[in-house]
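Heads up, the thing below is written out as structure tokens.
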Amino acid sequence: MIRLQVKSVLDQCFLQGVAEGIWSDAGEGKYTVELPKHEGQGDFSSNIALLLAGIEKQNPRQIAAKIVEKLILETELFDRVEIAGPGFVNFFVNSNVWRGLIPHIMAEGSQYGRSEIGSDRKVMVEFVSANPTGPLSIGHGRQAILGDSIARLLEATGHNVYREYYYNDAGRQMRVLGESTRARYLELLGEKSEFPEDGYQGEYIVEISQSLVDEKGDSLKDHRDVTVFKEQAEKFIFKGISSTLKRMGIVFDNYYNERSLYDDGYIDDVVSQLREKGYVYEKDNAVWFKTTEFGHEKDRVIIKSSGEPTYRLPDIAYHREKFRRDFDWLIDIFGSDHIATVPDVMAGVEALGYDPAKVTVVLHQFVTLTRDGKQVKMSTRKANFITVDELLDVVGVDAVRFFFMMRKADSQMEFDLALATRQSQENPVYYVQYGHARICSILRQAAERGVERVVVDTVDMSLLQEPEELNLLKTMSTFPTMIENAALELAPHKMIFYLIELASQFHSYYNKHKVLTDNVGLTQARLSLVESLRVVMKNGLDIIGLTAPEKM
RNA sequence: GCCCUCGUAGCUCAGGGGAUAGAGCACAGGAUUCCUAAUCCUGGUGCCGCAGGUUCGAAUCCUGCCGGGGGCACCA
């Protein structure tokens, strides 16, 4: 927020220069005000002179000098402004400006860092979308956490967020699931059965079959139709999935069943719409979608010669429904195995007259599973995956959420349950939470020692002289901007790295300086500082769905 | 063969046009009569995969190559 003050002063200065004819307005909006990497380069730094020099073909340091001349009048905000290196303009902000952040944060409380930049825009985040063939695996876990934390960040920035889970409980996969369940059922009854060659081998199938034995005894022994078995399996598996999601703190607004697209006639609708617009033709008894009209290499089949649609058609119809439900922004979280379907769906969206720019696809790389140092190919069918529930059992919710948020979506993750168990104790989530708990402990101590707290406005903040204190304030001041960036870039890992940095600065400070001192004024000032710091930590943890313990 | 994506310290990963490229882990040593040692302090490491190009300036953008992963069906 203080960066924005600096930026606006610089903007005025730039416009003044334009008015005076010193430089043209070609550089407008191109220069930046940033936090320099190294000490001695000020609190903020701008490349404005370097940029204008390029445009005006002048010496950057001379341009910088003209800028500084105009700026120097702003004495309240800056201690000094320097020209450095090839022509950077470095701003040294008055310490009192930083100190002023404390009462500001205290006044904002749980609102500090949150904003309304989303202007209540309706956003749908679609994620997980696993078909009910088995419990959620590690890979789904990553997607679940990624999607949910993106949704949370968007909520924190004033978006109206809707979480949706899209699934398909029809088709071959589900039939095999039903057959697998029946086979296990017959086994449990001691009957002869043939387990399907590509059946689901997981232990959970046995549990489902057992539940059928418990409920129906052997009455299903001669059922040739697998529907009963399939439905029981689906019911069980969905119950498991939603309870796993709930354990992770994730609740969906809606589960959207692909089958309803057929029941409501939307599939046929889409085909006839595409046909009307001339994007569809028949060949070899199949119906083709002219994706070549959208720059693709070849056309794609949307209805097979058997009369069944390919997966593309419902995907397109589903996206049409998303648009028709009047969302301003559609976010799809997919694993990298869905890469190929994205262009087809986008072409469909465009063909139907909707704006593909409203769709953002977040692709995340896979989690690769290793056992005993060897990579294992995960498969629900072969049941050699690690479930999210197992992970939650050994590691706990906060550590799991943190673990999956730590890496940006497009980096691959290696996963080893033994390693994760061992490392759960050293998960950085505890480092951050411990920072929060430590501050709470200081505040408790203060109360126990009978330190009387005064109103924040009457505290003499100028007693905060230590560089560590000012640095903490500087980091705290970037919190709102960091959240905006994390939200709009759909990058929850930015919050994680910020919180680790903030905690690190605090732990150092804690070890070097005492908050509770013999000096009454200084104690008050430091208590105010750590109290506002606690607010920032708490808000940060809250926003991405982590707890902020008061004791550890 | 074509498309997408990643390649940064021994390992796991940040940084994604800006000045001297960072953190954690691992390794070694040290800190607690005093607010929680789940903490802190000190110690060094990099042809930023390779080669070109764009730019005042490239780990960052573009092209090609190499390597890992994913995809390229009238499977989902």
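Proteins get letters first, then strands, A, B, ... in listed order; numbering begins at 1 in each.
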Just N and O in the side chain of A/Ser45: are any of them under 4.0 Å from OP1 or OP2 of B/A19?
no
Once you round it to whole Å, what is the distance between C1' of B/G15 and NZ of A/Lys37?
7 Å
C1' atom, B/G44 versus B/C25: distance in rounded Å?
15 Å
Within the pair A/Thr133 and B/A76, is there a side-chain N or O less than 4.0 Å away from OP1 or OP2?
no
A/Ile48 has an atom CD1; how far is it from atom P of B/C56, in whole Å?
19 Å
Comparing A/Lys57 with A/Ser504, nearest RNA chain B nucleotide closer to 5' gives the residue A/Ser504
Whether A/Tyr510 contacts B/A37 is assessed here as follows: a side-chain N or O lying under 4.0 Å from the phosphate OP1 or OP2. Is that the case?
yes
Please classify the nucleic acid contact of A/Gln173 as base, sugar-phosphate, or nothing, using heavy-atom distances under 4.0 Å.
sugar-phosphate
Would you say A/Lys408 reaches B/U5's phosphate, i.e. side-chain N/O to OP1/OP2 under 4.0 Å?
no
Please state how far atom CZ in A/Phe497 lies from atom P in B/A21, giving the value in whole angstrom units.
20 Å
Has A/Arg438 got its NZ or CZ under 6.0 Å from the middle of the six-membered ring of A/Tyr510, at an angle within 45 degrees of the ring axis?
yes
Would you say A/His38 stacks on B/U20, if stacking means ring centres under 5.5 Å apart and planes within less than 30 degrees?
yes
Mutual orientation of the aromatic rings belonging to A/Tyr509 and A/Phe506 [parallel < 30°, tilted 30-60°, perpendicular > 60°]
tilted
Between atom NE2 in A/His513 and atom C1' in B/C41, what is the gap in whole Å?
13 Å
Comparing A/Pro428 and A/Asn90 on RNA chain B - which has the more 5′ nearest nucleotide
A/Asn90
Quiz question: going by heavy-atom distance under 3.5 Å, is there a donor-acceptor pair between the base of B/A76 and the side chain of A/Tyr311?
yes
Do the side-chain N or O atoms of A/Lys514 get closer than 4.0 angstrom to the phosphate oxygens (OP1, OP2) of B/C35?
no
Tell me whether the OP1 or OP2 atom of B/C35 has a side-chain N or O from A/Arg526 closer than 4.0 Å.
no
Short side-chain N/O contact to B/C40 OP1/OP2 from A/Tyr431, under 4.0 Å
yes
Could you check whether the side chain of A/Ser305 and the base of B/C74 have a donor-acceptor pair of N or O atoms closer than 3.5 Å, going by distance alone?
yes
Assess, by modelled atom type and distance only, whether the side chains of A/Ser504 and A/His507 contain a donor and an acceptor separated by less than 3.5 Å.
no
In whole angstrom, what separates A/Glu501's CD from B/U39's P?
16 Å
Do A/Glu282 and A/Arg275 meet the salt-bridge criterion of a basic N to acidic O distance under 4.0 Å?
yes
Value in whole Å for how far the P atom of B/A37 lies from CE of A/Met552
13 Å
Does A/Glu466 pair with A/Lys512 as a salt bridge, N-O distance under 4.0 Å?
no
For a quick check of understanding: with a heavy-atom distance under 4.0 Å over all strands, which category does A/Asn285 fall into, base, sugar-phosphate or nothing?
nothing
